[in-house]
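Keep in mind that what you see is a predicted model, and the values were worked out from it rather than measured.
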There are 2 protein chains.
Amino acid sequence: MAWKVATFNVNGIRSRMAPVLEWLDRHRPDALCLQELKCQNADFPLDAFRKAGYFAAFRGQKAFNGVAVLSRSEPSEVLLEFGDGKPDEEARLIAVKLNGIWIVNTYVPQGRSPEEPAFEYKLDFFGRLKSWLDGRFEPSQPLVWTGDINVAPEAIDLFDPKRLAGKVSFHPREHEALAAVAAWGLVDVFRKLHPDTKQFTFWDYRLPQSFKRNLGWRLDHIYATRTLADACLECQADGEPRGRETPSDHTPVWAEFDLERLGAE
Amino acid sequence: MAWKVATFNVNGIRSRMAPVLEWLDRHRPDALCLQELKCQNADFPLDAFRKAGYFAAFRGQKAFNGVAVLSRSEPSEVLLEFGDGKPDEEARLIAVKLNGIWIVNTYVPQGRSPEEPAFEYKLDFFGRLKSWLDGRFEPSQPLVWTGDINVAPEAIDLFDPKRLAGKVSFHPREHEALAAVAAWGLVDVFRKLHPDTKQFTFWDYRLPQSFKRNLGWRLDHIYATRTLADACLECQADGEPRGRETPSDHTPVWAEFDLERLGAE
DNA sequence: GAGGGTGATG
DNA sequence: CATCACCCTC
């Protein structure tokens with residue numbers, strides 16, 4: 001029996017309910033991680049997801065950020081913060097334990113540009129994430145890290161790696177920070193299964209016709225700990241929602257795992 | 001051969017192009033008067049109307065008001081102001097001469113409430129209109145006055161005349177002002193043809209389920225000078241557009257005239 | 001409740 | 001280009 005996990009930066013959940021509900025209906029993932037809810041907790045459309053057969057754990061915030069995990073079974077644990085004592089945290093992290101497997105959903109800061117403080121904040125976020133994984137989890141456990149990671153790991157993961165080398169989301173310091181997190185014990189399952197495939201998950205609104213011309217980036221990822229990654233059957237970005245009338249700038253990514261090959265649950 | 005004239009307060013032409021073009025296609029009026037364009041001249045969708053086979057005369061304004069007349073033949077004259085010397089006028093009047101018949105399209109100020117200056121401005125608008133008709137036209141000529149008149153003439157023309165008596169759009173001073181314009185020589189052709197029919201043209205967004213519960217007002221009218229009114233074959237409000245997904249708060253009204261009974265053109 | 005304007009962010 | 005916030009009008 002395959003276990004399906006997905007991620008989707010919705011760019012405003014209130015403006016994206018139709019495509020999200022249709023996507024849930026078509027794919028029936030066991031868990032769907034959402035980023036950029038851009039709404040407060042009180043405005044989160046809990047009922048609509050319940051009617052669609054999904055539990056929802058979420059952390060909203062006014063206007064910006066906001067993350068959720070929708071799931072067909074109820075999480076046994078939910079975490080909403082790193083809990084490392086840094087104050088006034090933004091709503092960029094949520095982790096849920098589903099049938100014994102942790103799913104960590106992050107909306108990594110975009111970073112603006114390497115010259116700005118936002119870039120350091122982004123790098124620091126990766127550092128905090130690594131420390132948090134180190135302190136709370138074991139790489140030997142089945143665990144998924146997913147979300148809008150806001151880094152294209154390699155040249156194949158963006159439309160113009162030469163021109164964009166050193167820019168935000170494709171900068172050596174970001175690659176280093178991401179690699180440090182992965183070194184904890186996480187595998188990019190899309191790239192594991194498709195070593196040579198160029199497949200994007202984000203196309204900038206501000207670039208004219210970016211989706212039609214496929215001028216995109218692979219910024220949304222599904223990482224898994226080693227044993228779980230070995231049980232991964234497939235991972236794909238689904239460009240369909242990005243082709244619609246008023247889409248998010250991101251599109252969903254999903255992965256299927258054969259949990260029986262794992263002995264989990 | 002019937003001559004068909006219609007009026008539609010669109011509440012933002014840019015947000016209402018689909019229903020307007022479909023309505024034009026289905027009804028093929030000789031003239032369609034629009035109010036509340038809510039766009040500047042530069043943003044008026046002239047090309048789309050041309051493709052649909054219509055000429056357009058219009059007076060836009062940023063954010064508010066804005067009036068247009070779409071017509072299958074090109075107007076021989078267009079007027080955009082009362083020209084009575086009052087400054088800084090809002091885009092609430094357009095008149096076009098079509099095949100020898102003047103069509104006067106107004107978006108009469110709503111008036112807010114009888115206690116506010118906006119109410120006096122509304123009454124003054126009727127006064128200016130009357131003077132303008134007096135100075136420029138003859139009631140013996142065929143002439144149509146239509147648009148969002150923002151007054152329910154009689155008790156039958158709103159859903160709760162008792163509770164709303166004396167409120168804006170159903171106030172004695174508005175009735176007086178409207179009657180004074182009509183006394184120039186204009187007949188409400190809907191009421192002429194349907195003396196006892198309760199039929200609304202506006203349902204407030206702010207009243208829950210107002211359209212479904214038919215809690216409406218007849219605020220959009222087609223007046224004609226005597227000889228033309230006598231040639232009127234039919235006049236109806238078409239509720240269909242108001243029943244759609246994201247409708248205007250108003251719905252179109254149309255009237256057909258038998259011009260041969262007139263000897264016009 | 002639904003248009004529109006402005007200004008901010010990505 | 002497309003979110004959201006806050007403002008105004010009907």
Using the side-chain hydrogen bond (donor to acceptor under 3.5 Å, both in side chains) rule, pick out the option among A:D148, A:N9, A:T7 that qualifies with A:Q35. A:T7

Students often get this wrong, so: under 4.0 angstrom with heavy atoms, is A:S248 touching a base, only sugar-phosphate, or nothing? nothing

Would you say a side-chain N or O of B:R14 is under 4.0 Å from OP1 or OP2 of C:dG5? yes

To the nearest angstrom, the CD-P distance between A:Q61 and C:dG10 comes to 11 Å

Of A:Y54, A:F55, A:F44, the residue whose pairing with A:F49 passes ring-ring contact (aromatic ring centres under 6.0 Å, His included): A:F44

Partners of B:S113 by side-chain hydrogen bond (donor to acceptor under 3.5 Å, both in side chains), sequence neighbours excluded? B:E115

Take a 6.0 Å sphere around NZ of B:K167 and say whether it holds more than 12 heavy atoms from other residues, nucleotides or ligands. no

Where the side chain of B:R206 is defined as all heavy atoms beyond and including C-beta, which of D:dC10, D:dT3, D:dC6 is the nearest nucleotide? D:dC10

Listed nucleotide nearest any side-chain atom of A:Y205, set D:dT3, D:dC1, C:dG3: D:dC1

Does the side chain of A:S15 get closer than 4.0 angstrom to OP1 or OP2 of D:dA2 through an N or O atom? no

Between D:dC10, C:dA2, D:dT3, spot the one nearest the side chain of B:R16, thanks. C:dA2

Can you check the A:L207 CG to C:dG10 C1' distance for me, whole Å? 14 Å

For A:E36 and C:dT9, what is the distance between atoms CD and C1' respectively, to the nearest whole Å? 9 Å

Could you check whether B:Y107 and B:F125 have their ring centres less than 6.0 Å apart? no

Between residues 104-127 of chain B and DNA chain D, which residues have a heavy-atom gap below 4.0 Å? B:Y107, B:Q110, B:R112

Rounded off to whole Å, could you give me the CZ-to-P distance for the B:F170 and D:dC10 pair? 21 Å

Atom-to-atom span, CG of B:D43 to C1' of C:dG5 - whole angstrom: 12 Å

Quick note, B:K62 side chain, CB onward, closest among D:dC1, D:dC6, C:dG5 is C:dG5

Taking NZ from A:K38 and C1' from C:dG10, how many angstroms apart are they, rounded to a whole number? 7 Å

Whole angstrom is fine here: how far is it from CG in B:N9 over to C1' in D:dT9? 12 Å

Rounded interatomic separation in angstrom, taking CZ from A:R242 and P from D:dC1: 12 Å

Tell me whether the side-chain N/O atoms of A:S210 come closer than 4.0 Å to OP1 or OP2 in D:dC1. no

Under 3.5 Å, is there a donor-acceptor pair between the side chain of A:T251 and the main chain of A:D238? yes

According to side-chain hydrogen bond (donor to acceptor under 3.5 Å, both in side chains), who are the partners of A:R213, at least two apart in sequence or on a separate chain? none

